[in-house]
Amino acid sequence: MYTFDFLIIGSGAAGLNFALNASKLGSVAIITKEEIFNTSTYYAQGGIVGVMFPPDNFEKHIKDTLEAGSYLNDRVAVEITSRESPDRIKDLIELGVRFDKKETGVYDLAREGGHSESRIFHFKDKTGYEIERVLSNKVLENPNITIFDHHFAIELITQHHIGINVEDEIDNIDCFGAYVLTPQGKVEKFLSKFTVLATGGSGNVYLTTTNPTVATGDGVAMAYRAKAQIMDMEFFQFHPTALFNPKERPAFLITEALRGYGAVLKDINGKEFMHKYDPRKSLAPRDIVARAIDNEMKLSGSEHVYLDCRHINKDELLEHFPTIYAKCLSIGIDMTKEMIPVVPAAHYQVGGVVVDYSARTKINRLYACGEVSRTGLHGANRLGSNSLLEALVFSYRAAKDAEKYFNDYSINKNIPEWNDEGVKLNEELVLITQEVKELNQTMTAYVGIVRSNLRLNRALKRIQMLYEETEELYKKSVVNRQICELRNMILVGYLITTMAISRKESIGLHYNIDHPFKTKPQ
Ligand code: FAD
Ligand code: SIN
């Protein structure tokens, strides 16, 4: 048994930033599935929004965010995020994060699809690496923070585990910590005053994703089982431009900043097409661009479209996008001379665990921040580069909130050991890999960029079958990471599909051909 004041599950921007702020109050444990840096944060390319310099202002950013979200956003969450962006960017700079500057010394702010101003702070095309590098170094040198890498959170601990029927206490559930699988295969109790879900997204429910393999929706699944509220899962963002390289998982992202820099989308015959879909052409919001690409691929029967940056100055391309240049070259594409084949890929989970403006979930003593959470910032679609900012703004707010209640709680040590009576070693690994494949195929074919009532209902039937088979296997098996992730992904697939079925309109990222499209419901 381990006891800490704060238990944080996840070591991306949200988890690390909460840890640094909470370490001023008490002891902190961070558990993380793999190495500390194996996070979506590490892979972020484009950058992070900071509304700091004229002619930009908060109102412009708020308007862009609301417009991208089809006005389904929570206006207060949008205001908070925008107005607190300067402080969170300054925190990063003070900690040592480097952002690119122009020769004149001013920050070189980039612009992405849906942004009316250049407001994206970036470090070349590897901003996430830079943020993760600095935050994780600070965490590693902090004596109040202990990192448990290669530890996997299986289940949140609530009253349910001490024999109280949570159905009777649905509005008064407490979180006491989590059951965690150690690298030695033992399940340990990690008990805490406060628990923070910072587990990131769930792109791995789909066949093609930009997300690292750790993004399997564990946080949403654990929170759902613990009876937290989950919302907006039908809004799954597909990034329009992942590198077309079918054998690679995760799919390598070609940042939107490249389009911000002048790169243009072209069809399989090398002709521009975005003017047919939106006056903003290649810089239209992501949902529009991803659907346009999907349509062009269907019209031509091609497996990808192209991104053309051959007209951009070679030295500038190499200076600003060195990682992308090197990656393309590694598979035989010189982007200064050839077009880059690109395809949409599952990228960002807009919905998640519902939280308030202090990142509190419906469960007492349980916070959720970063991609796992649903703050209301994004509405029906996320504006690029708003998510790293959201992770920092709400993890900071969560730590400030915990400070207020720090002395009100004690650690509940009266928690039973993990119950693995009657289970045996599961040697049927092939069943798990096969079920992951089936889930991926179902979600991609029926609950992807373009949906219909028929497809969604078909998906639901398949997912229900996968659910029953997996639960049966889970109950009989010694717990292991693979089966837990499968179980979590099936649950996330179920939530995406049922929420998509419930939404009787097309809006933002949710496009169902059986329902008319709304762009601006006000
Ligand atoms: P993550 O950074 O994903 O961290 C999640 C952590 O939780 C990981 O450490 C993982 O191991 C851990 N974890 C998960 N489940 C468990 C478990 N059961 N037990 C233990 N540990 C667990 N956003 C932007 O704003 N700007 C960008 O330029 C940008 N570019 C992106 C590029 C790519 C390729 C990708 C994939 C995403 C990008 N995003 C970008 C989105 C953004 O990176 C993420 O939304 C954000 O980093 C999420 O941070 P997080 O802290 O919530 O989660
Ligand atoms: C990108 O660099 O295109 C991704 C930005 C984001 O997901 O916010």
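Counting convention: from 1, in listed order, for ligands and their atoms alike.
Below 3.5 Å of separation, one finds no N or O of E112 facing any N or O of ligand 1. Here's the thing with E34: none of its N/O atoms is less than 3.5 angstrom from an N/O atom of ligand 1. For ligand 1, the polar-atom distance check against N211 finds no nitrogen or oxygen pair separated by under 3.5 Å. At least one N/O-N/O distance between A153 and ligand 1 falls below 3.5 Å. The shortest N or O to N or O distance between A14 and ligand 1 is under 3.5 Å.
Scanning both residues, G379 and V350, for their nearest heavy atoms gives O-CG1, 3.4 Å.
When the options L16, T41, L253 are ranked by their closest heavy atom to atom 47 (O) of ligand 1, first place goes to T41. The heavy atom nearest to atom 40 (C) of ligand 1, out of those in S387, G128, A346, is found in S387. Of the options T199, L383, L392, I30, the smallest heavy-atom separation from atom 13 (N) of ligand 1 is shown by T199.
Between D56 and K60, none of the side-chain N atoms (NZ, or NE/NH1/NH2) sits under 4.0 Å from a carboxylate O, so this pair counts as no salt bridge. Ion pair K33/D149 not flagged as a salt bridge, since none of the NZ, NE, NH1 or NH2 atoms sits closer than 4.0 Å to an Asp/Glu carboxylate oxygen. Between E84 and R397 there is a salt bridge, since at least one side-chain N of the basic residue sits less than 4.0 Å from a carboxylate O of the acidic one. The existence of a salt bridge linking R487 and E155 is confirmed by a sub-4.0 Å separation between a basic side-chain nitrogen and an acidic carboxylate oxygen.
Using a 4.0 Å cut-off between heavy atoms, R382 contacts ligand 1 through its side chain alone, with no backbone atom that close. In Q45, the part holding a heavy atom less than 4.0 Å from any atom of ligand 1 is the backbone. The backbone and the side chain of T210 each have at least one atom closer than 4.0 Å to an atom of ligand 1 (non-hydrogen atoms only).
Ring orientation note: the planes of F190 and F4 are close to parallel, at an angle under 30° on the 30°/60° scale. The aromatic rings of F194 and F6 sit parallel to each other, their planes meeting at less than 30°, with 60° as the upper class boundary. Note: Y367 and F18 have tilted aromatic rings, judged against thresholds of 30 and 60 degrees for the angle between ring planes. Using cut-offs of 30° and 60° for the angle between ring planes, the Y42 and F37 rings count as tilted. Ring geometry for F244 versus H304: interplanar angle of 30 to 60°, hence tilted.
With sequence neighbours excluded, no residue satisfies side-chain hydrogen bond (donor to acceptor under 3.5 Å, both in side chains) with Q229.
When S85, S116, S82 are each tested for a side chain to side chain donor-acceptor pair (under 3.5 Å) with H61, only one passes: S82.
Residue N38 places a heavy atom less than 4.0 Å from ligand 1.
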Provide, line by line, the atom pairs where ligand 2 and the protein bring an N/O atom each to a distance under 3.5 Å; else say none.
{"from": "ligand 2", "atom 1": "2 (O)", "to": "G46", "atom 2": "N", "distance (Å)": "3.0"}
{"from": "ligand 2", "atom 1": "2 (O)", "to": "T255", "atom 2": "OG1", "distance (Å)": "2.6"}
{"from": "ligand 2", "atom 1": "3 (O)", "to": "H239", "atom 2": "NE2", "distance (Å)": "2.8"}
{"from": "ligand 2", "atom 1": "3 (O)", "to": "T255", "atom 2": "OG1", "distance (Å)": "3.4"}
{"from": "ligand 2", "atom 1": "3 (O)", "to": "E256", "atom 2": "N", "distance (Å)": "2.6"}
{"from": "ligand 2", "atom 1": "7 (O)", "to": "R286", "atom 2": "NH1", "distance (Å)": "3.1"}
{"from": "ligand 2", "atom 1": "7 (O)", "to": "R286", "atom 2": "NH2", "distance (Å)": "3.4"}
{"from": "ligand 2", "atom 1": "7 (O)", "to": "H347", "atom 2": "NE2", "distance (Å)": "2.7"}
{"from": "ligand 2", "atom 1": "7 (O)", "to": "R382", "atom 2": "NH2", "distance (Å)": "2.6"}
{"from": "ligand 2", "atom 1": "8 (O)", "to": "R286", "atom 2": "NH2", "distance (Å)": "3.4"}
{"from": "ligand 2", "atom 1": "8 (O)", "to": "R382", "atom 2": "NH1", "distance (Å)": "2.8"}
{"from": "ligand 2", "atom 1": "8 (O)", "to": "R382", "atom 2": "NH2", "distance (Å)": "3.3"}
{"from": "ligand 2", "atom 1": "8 (O)", "to": "S385", "atom 2": "N", "distance (Å)": "2.6"}

